[in-house]
Student: 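A single structure is presented below for examination.
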Amino acid sequence: MNDQVFINANRSYEQNLQDVAEEIGHFKTTVGNIVEQKSELDKKQELEARRFGHMTIVNLDGLIECYKVGILTSWDLSDFFEVRPKYIWQALETYKSKYGEVFIHNGYVFDLRNGLNIHPATKREVQDEDFLF
């Protein structure tokens with residue numbers, strides 16, 4: 001309600017974390033009351049808040065850290081980020097829709113064409129402006 005987020009004690013820690021991140025996304029990105037999802041703008045704002053939550057919890061720098069220590073499966077990633085495996089896949093879809101299937105972030109190539117593949121960017125990849133965002 002208004003500027004408060006209520007935590008449901010009957011839900012898992014992971015679900016509450018995901019919900020709170022989305023609610024913060026609403027606070028940062030939503031204008032007006034979109035509870036009833038009456039318009040396309042309301043639906044767009046709902047999606048933007050959800051994407052904010054994805055990118056806040058499953059952030060690209062955290063994914064790079066996971067790569068560096070060998071955390072590679074969706075199950076291990078979900079343990080690291082304290083979310084459900086489904087949320088990891090949703091976050092990857094968010095990045096794919098925002099940046100494309102292949103992009104560079106902080107010197108690492110993210111290839112989302114077939115799951116999640118990360119590797120240090122080569123000089124050639126860094127010089128290719130199509131990769132950068």
Side-chain angles (χ1 to χ4, degrees):
M1 304 187 88
N2 298 330
D3 62 351
Q4 298 176 352
V5 175
F6 293 94
I7 303 297
N8 185 338
N10 295 321
R11 296 181 91 168
S12 70
Y13 171 83
E14 292 85 358
Q15 187 61 53
N16 279 323
L17 177 64
Q18 294 166 196
D19 291 346
V20 168
E22 183 176 328
E23 291 306 318
I24 292 169
H26 282 296
F27 178 76
K28 298 247 184 209
T29 66
T30 303
V31 176
N33 183 347
I34 65 166
V35 172
E36 294 184 25
Q37 302 279 310
K38 289 182 179 179
S39 71
E40 285 302 312
L41 180 59
D42 291 351
K43 293 173 186 174
K44 185 177 179 182
Q45 289 186 92
E46 180 67 32
L47 181 59
E48 188 62 30
R50 189 165 297 127
R51 287 178 173 170
F52 179 93
H54 293 152
M55 294 187 305
T56 298
I57 296 175
V58 184
N59 61 74
L60 294 175
D61 291 328
L63 288 169
I64 291 170
E65 289 307 310
C66 287
Y67 163 78
K68 288 179 179 179
V69 297
I71 297 173
L72 305 172
T73 70
S74 61
W75 288 101
D76 291 339
L77 290 167
S78 68
D79 285 344
F80 179 86
F81 288 107
E82 299 182 299
V83 295
R84 296 176 176 173
K86 179 180 178 182
Y87 195 81
I88 296 296
W89 292 111
Q90 292 169 336
L92 295 178
E93 284 299 316
T94 292
Y95 286 119
K96 190 187 299 186
S97 70
K98 185 166 181 144
Y99 301 121
E101 292 181 323
V102 181
F103 59 90
I104 293 177
H105 174 76
N106 283 351
Y108 286 82
V109 173
F110 285 74
D111 183 345
L112 306 177
R113 290 177 288 196
N114 188 20
L116 173 63
N117 295 294
I118 301 173
H119 67 268
T122 64
K123 254 186 188 177
R124 183 172 179 220
E125 288 169 325
V126 170
Q127 292 170 347
D128 186 350
E129 291 181 12
D130 291 336
F131 276 113
L132 300 177
F133 71 89

Student: What closest approach, in Å, do S97 and R51 show between heavy atoms, and which atom pair accounts for it?
Tutor: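 Smallest interatomic distance, heavy atoms only, reads OG-NH2, 3.5 Å.
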Student: Quick check: closest heavy atoms across I88 and F81, and the distance to 0.1 Å?
Tutor: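 Result for this residue pair: CD1-CD1, 3.9 Å.
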Student: Please determine which of V102, I118, T122 meets the side chain to side chain contact (heavy atoms under 4.5 Å, CB included) test together with V109.
Tutor: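 Single side chain to side chain contact (heavy atoms under 4.5 Å, CB included) partner of V109 among V102, I118, T122: V102.
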Student: Going by salt bridge (charged side-chain N to carboxylate O under 4.0 Å, His left out), name the residues that satisfy it together with D111, two or more places apart in sequence or in a different chain.
Tutor: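 If we apply the salt bridge (charged side-chain N to carboxylate O under 4.0 Å, His left out) test to D111, skipping adjacent residues, the hits are R113.
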Student: Going by side chain to side chain contact (heavy atoms under 4.5 Å, CB included), name the residues that satisfy it together with S74, two or more places apart in sequence or in a different chain.
Tutor: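 Side chain to side chain contact (heavy atoms under 4.5 Å, CB included) list for S74, sorted by chain: P85, W89.
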Student: How long is the span from the CG atom in L60 to the CZ atom in F103, to the nearest 0.5 Å?
Tutor: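 CZ of F103 is found 5.0 Å from CG of L60.
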Student: If you take all heavy atoms of L72 and L77, which pair is closest and at what distance?
Tutor: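 That closest heavy-atom pairing would be O-CD1, 4.1 Å.
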Student: Could you list the residues that satisfy side chain to side chain contact (heavy atoms under 4.5 Å, CB included) with R84, not counting sequence neighbours?
Tutor: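 Expected list: S12, E14, Q15, Q18.
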Student: Can you name the ring-ring contact (aromatic ring centres under 6.0 Å, His included) partners of Y95, sequence neighbours left out?
Tutor: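 Partners of Y95 under the ring-ring contact (aromatic ring centres under 6.0 Å, His included) test: none.
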Student: Closest approach of L112 and G100, non-hydrogen atoms and distance?
Tutor: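 So the minimum-distance heavy-atom pair works out to CD1-O, 4.3 Å.
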Student: Kindly state each residue pair satisfying salt bridge (charged side-chain N to carboxylate O under 4.0 Å, His left out) with at least one member in residues 95-110, sequence neighbours excluded.
Tutor: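 Found E93-K96.
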Student: Throw together a table of side-chain donor-acceptor distances under 3.5 angstrom for residues 61-71, partners on residues two or more places apart or in other chains.
Tutor:
residue, atom, partner, partner atom, Å
D61, OD1, H105, NE2, 2.9
D61, OD1, N106, ND2, 2.8

Student: Which value, rounded to the nearest 0.5 Å, describes the distance between L92 atom CG and F110 atom CZ?
Tutor: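 The CZ atom of F110 is 9.5 Å from CG of L92, to the nearest 0.5 Å.
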Student: Quick one: OH on Y87 to OG1 on T94, what's the gap to the nearest 0.5 Å?
Tutor: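 OG1 of T94 is found 8.0 Å from OH of Y87.
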